[in-house]
2 protein chains.
Amino acid sequence: MADAPFVARPATPLAHRVPDLGALELLLAVARLGSLGRAARELGITQPAASSRIRAMERLLGVALVDRSPRGSRLTDAGSLVTDWARRVVEAAEAFDAGAQALRGRRDSRLRVAASMTIAEYLLPGWLIALHRARPDTAVSLQAGNSAAVAGRVLAHQADLGFVEGSEAPEGLDSAVIGHDRLLVIAAPGHPWARRRGPLDARELAATPLILREPGSGTRQVLDAGLAPYGGVAEPLLELASTTALKAAAVSGAGPCVLSELAVGEELAARRLVRVAVEGVRLRRDLRAVWPAGTRPAGPARDLLSLIHGALD
Amino acid sequence: MADAPFVARPATPLAHRVPDLGALELLLAVARLGSLGRAARELGITQPAASSRIRAMERLLGVALVDRSPRGSRLTDAGSLVTDWARRVVEAAEAFDAGAQALRGRRDSRLRVAASMTIAEYLLPGWLIALHRARPDTAVSLQAGNSAAVAGRVLAHQADLGFVEGSEAPEGLDSAVIGHDRLLVIAAPGHPWARRRGPLDARELAATPLILREPGSGTRQVLDAGLAPYGGVAEPLLELASTTALKAAAVSGAGPCVLSELAVGEELAARRLVRVAVEGVRLRRDLRAVWPAGTRPAGPARDLLSLIHGALD
DNA sequence: TGGGGTCATAACCTGGACTTATGGCCGATG
DNA sequence: CATCGGCCATAAGTCCAGGTTATGACCCCA
């Protein structure tokens, strides 16, 4: 007890308590197809392999997942709950895969994309999954960097399409707004601001010490600009280097923070963090697709844009 | 080509293209601790094992992830992008684990929870992760069912705490509102409703064929009640059995649908689906914690409630 | 010039996941 | 009613990924 670690960590790592991706994928296939054998065939393995894998998963979880019968297998109640959780893991893995595939950056890729970190991190994987479904043979490569780097790559024709955050298109590039990124004021559910009736006043926000990214970061710049009329942001409560650290600090109740809605969608849905409404300040920037001025995205670039934008007018 | 499957599936399953959970966990540990050896120690493996695993992952992804130096390892640019994607996979796996642990339902569990399907599926895993961090030795068991089943279990003292959706507490139970579940009108980004300027009128919503759950489902009941003043819901465009099927149909552009905000948080954040504002109709139900009337949650039940509610007044 | 930290390489071991081959069960069909 | 064709389970054998120990190279610092 004297030398217990500061944060208690489970003795066995996560990987030993959670079935591997193959097993989860198999479970989803069984749920969808209603038979171990068909699921096995879809994944390119044999029926006994599938049977044994599902059985191993049931042993690991200590719960029966599927009801076997001589004419197929259906999920048990517990099984369908587990399957829904499994689906979220698999979807995250698909996003990982889509991003990683692009990151591999083979020279012969037919579509080279350059994107800002935030877009590359949160948005691009989903787009690439959709693109892959629509055009399975389109290979994409990805280069991530700040806005200037993205603009440079597109101008130098090292990328066919770029994605940046910003209110205006960089010099020499045409652009289309494909969405918006709002900065949200975020607090832990226990924080007084989480219980407010009305929206927060911009003046009050400016006067309150917040948990923020370091100066020079994109979100910090937008916040500084937005609050300039009210005297600028107060001395920060904490300055942290990563979005993740920011969220962790906010969840643990260190104080309110400000960050992109893209980064906290999940936490808001799970109610680990709550949004605080603010009025009188504009904390919004456009998300833009950019390409060399005078040209018009064609081929795979156009495919990707139309997927993102619904239809590019 | 003649016998190509209807939907093109990748030749190799996802599990062969994505590192397994152990490797992702290891990568996160390296990112956090700044050294392969320390990360290895934290996961209870040896340093050569960690070295080889990271190397294998780099080979698989075709990208250098960490910069090795004689005094530690830092992530490369690509590495930090990959790490962020990995973090989302690991978080989904943690939620899976939290849910699965509870589902195992050991008899000696100190806290027995009964929850509606929607809450069990989307909210409970996150709560259990938080509870586990705060009280590592609290064992939880979970039983999922509809509102009546949950109420029955709590009344019969087969569960210490229940969670249901509904505007009022079931007979014989005391309750606290712990949140709200809005039904959202959802459309694919390409749908005309996604481009509307103003909010949709309730009359218009009632008159439009939608993709819906089958009659009798919780969300369907709320929708029926909300739209009753406007003549009730129109004949559905499609009736599907699962939330997942609903989302898939909406994403593929079959039409607008209505479902719980809990179920579409991720799709909204990724902009695969967009929310359509509606006015003049109340599509909101309370999320309630329930316990036997006259008693007061104590011990682990109280811990869980205060985590959820910030503080239980 | 050791001593502590880093990481890499080599040789070996083991368990889990795959394979093929087989058998039992059920329902539909002639 | 017999048979066929789907389903699943079991058994025996192969193979490799990931683990181990042992060792060496590198760098920094006292």
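Please read all numbers here as calculations on a predicted model, not as lab measurements. So that the names make sense, note that chain A is the first sequence line, chain B the second, and so on, each numbered from 1.
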Under 4.0 Å protein heavy-atom contact, by nucleotide of nucleotides 25-30 of chain D - B base, S sugar-phosphate only: --S---
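Under the side chain to side chain contact (heavy atoms under 4.5 Å, CB included) criterion, B/T243 pairs with B/Y122, B/R213, B/K247, B/L259, B/A263, not counting sequence neighbours. Annotation: side chain to side chain contact (heavy atoms under 4.5 Å, CB included) contacts of A/A245 (sequence neighbours excluded): A/L240, A/S242. Looking at residues two or more places apart in sequence or on another chain, you find no salt bridge (charged side-chain N to carboxylate O under 4.0 Å, His left out) involving B/R153.
One interatomic measurement links the two molecules: CG of B/L43 to P of D/dG18, which rounds to 14 Å at whole-angstrom precision. With rounding to whole Å, B/L33 atom CG is found 11 Å from C/dT6 atom P. Taking atom CD on B/E25 and atom P on D/dG18, their separation rounds to 14 Å, with Å as the unit. Computed from coordinates, the A/L36 CG to D/dA9 C1' distance equals 10 Å when rounded to whole Å. The CZ-C1' distance, from A/R41 to D/dG5, rounds to 12 Å in whole Å. Atom CG in A/L21 sits roughly 17 Å away from atom P in D/dA17 (whole-Å rounding). Here C/dT6 presents its P atom at 13 Å from CZ of B/R74, a figure rounded to the nearest Å.
Taking 4.5 Å as the limit, some side-chain heavy atom of A/L24 sits within range of a side-chain heavy atom of B/F96.
Considering only side-chain N and O atoms, B/R38 lies under 4.0 angstrom from the phosphate OP1 or OP2 of C/dT6. Phosphate proximity of D/dC7 to A/S35: present, with a side-chain N or O under 4.0 Å from OP1 or OP2. OP1 or OP2 of C/dC25 has not a single side-chain nitrogen or oxygen of A/S69 nearer than 4.0 Å. Considering only side-chain N and O atoms, B/R68 lies nowhere under 4.0 angstrom from the phosphate OP1 or OP2 of C/dG5.
Side-chain N or O atoms of A/R17 include none that pairs as donor or acceptor with a backbone N or O of B/E94 at under 3.5 Å.
Annotation: proximity of residues 51-65 of chain B to DNA chain D (heavy atom, distance under 4.0 Å) is found for B/R53, numbered in ascending order.
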Polar atom pairs between nucleotides 19-21 of chain C and protein, under 3.5 Å, N or O only, would you list them?
from	atom 1	to	atom 2	distance (Å)
C/dT19	OP2	A/T46	N	2.8
C/dT19	OP2	A/T46	OG1	2.6

